[in-house]
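Beneath this line is the structure, given in structure tokens, with notes to follow.
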Amino acid sequence: MPHVMIDYSRNLEDRLDLAGLCRAIRDAAAATGVLPLAGLRVRATACDHVVIADGNPEHAFLDISLRLRAGRTHAEKERATQAIFSAAEAYCAEVLATSSFLLSFEMRDIDPALSPKTSSIRRYLAGGEE
């Protein structure tokens, strides 16, 4: 049930296809084999009120946070972190090269005892994909 949440400064909307980024992150996460496609949820939220560094309104940021339940080794999580961040960095390469831009990523564990879940989505995936 990995949740991928992307917070970004709204001024990125003119520089980056954010729906495309969500798909790229989803694809990279699923390709790791560590995060099941059926549980992946990727969403992006614009932040309207931001102050970055010296306050220059041209500065932009994009912060990716991934929360997931237990059951993966540290090595698996590290591998997934690198793969997803690399995909995001590649997707954002032009913005990084042409403007003031901060990109960050963090993976966090969710305590399953404190986070009950239920889902019917697997019944609706083509081929019963995980």
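All figures in this text were calculated on a predicted structure; none of them were measured in a lab.
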Is the closest side-chain heavy-atom distance between Leu68 and Met107 below 4.5 Å?
yes
Rounded distance [0.5 Å steps], CD1 in Ile110 versus CZ in Arg69:
7.5 Å
What distance separates Ile64 CD1 from Thr81 OG1, expressed to the nearest 0.5 Å?
10.5 Å
Taking side chain to side chain donor-acceptor pair (under 3.5 Å) as the cut-off, I'd like each qualifying pair that reaches into residues 49-61, sequence neighbours left out, listed once.
Asp54-His59, His59-Ser100
With side chains defined as the heavy atoms from C-beta onward, is the minimum distance between Tyr8 and Asp63 less than 4.5 Å?
no
For Met5, the rest of its hydrophobic cluster, which grows through side-chain links under 4.5 angstrom
none
Please, which pairs that meet salt bridge (Lys or Arg N to Asp or Glu O under 4.0 Å) have at least one residue in residues 97-108, sequence neighbours excluded?
Glu106-Arg108
Any Lys/Arg nitrogen of Asp109 or Lys77 sitting under 4.0 Å from an Asp/Glu carboxylate oxygen of the other?
yes
What side-chain donor-acceptor pairs closer than 3.5 Å can you find for residues 87-94, not counting sequence neighbours?
| residue | atom | partner | partner atom | Å |
| --- | --- | --- | --- | --- |
| Tyr91 | OH | Asp17 | O | 2.9 |
| Tyr91 | OH | Leu21 | N | 3.3 |

Could you tell me which residues satisfy side chain to side chain donor-acceptor pair (under 3.5 Å) with Arg43, sequence neighbours excluded, listed by chain and number?
His3
With salt bridge (Lys or Arg N to Asp or Glu O under 4.0 Å) as the rule and sequence neighbours excluded, what pairs involving residues 5-14 come up?
Arg10-Glu13, Arg10-Asp48
Using modelled atom types only, decide if a donor and an acceptor are shared between the side chain of Gln82 and the backbone of Arg79 within a distance under 3.5 Å.
no
Could you tell me whether the side chain of Ile6 reaches within less than 4.5 Å of the side chain of Thr45, counting heavy atoms only?
no
Holding to side chain to side chain donor-acceptor pair (under 3.5 Å), I want the full list of residues that pass it with Ser9, two or more places apart in sequence or in another chain.
Asn11
Would you check, one step at a time, whether the test side chain to side chain contact (heavy atoms under 4.5 Å, CB included) holds for Phe105 with Leu66?
CA-CA 8 Å; Phe105 179 92; Leu66 191 154; 3.9 Å; yes
Which pairs of donor and acceptor atoms, one on a side chain in residues 29-38, lie under 3.5 Å apart (sequence neighbours left out)?
| residue | atom | partner | partner atom | Å |
| --- | --- | --- | --- | --- |
| Thr32 | OG1 | Ala29 | O | 2.7 |
| Thr32 | OG1 | Val34 | N | 3.1 |

So do Ser99 and Arg15 actually touch side chain to side chain, heavy atoms under 4.5 Å?
yes
Taking only residues two or more places apart in sequence, or in another chain, which ones meet Asp27 in a side chain to side chain donor-acceptor pair (under 3.5 Å)?
none
Pairing residues for Leu102 by the side-chain contact (heavy atoms from CB on, under 4.5 Å) criterion, not counting sequence neighbours:
Ile52, Phe61
Same apolar cluster: Val50 and Leu12, side chain cutoff 4.5 Å:
no
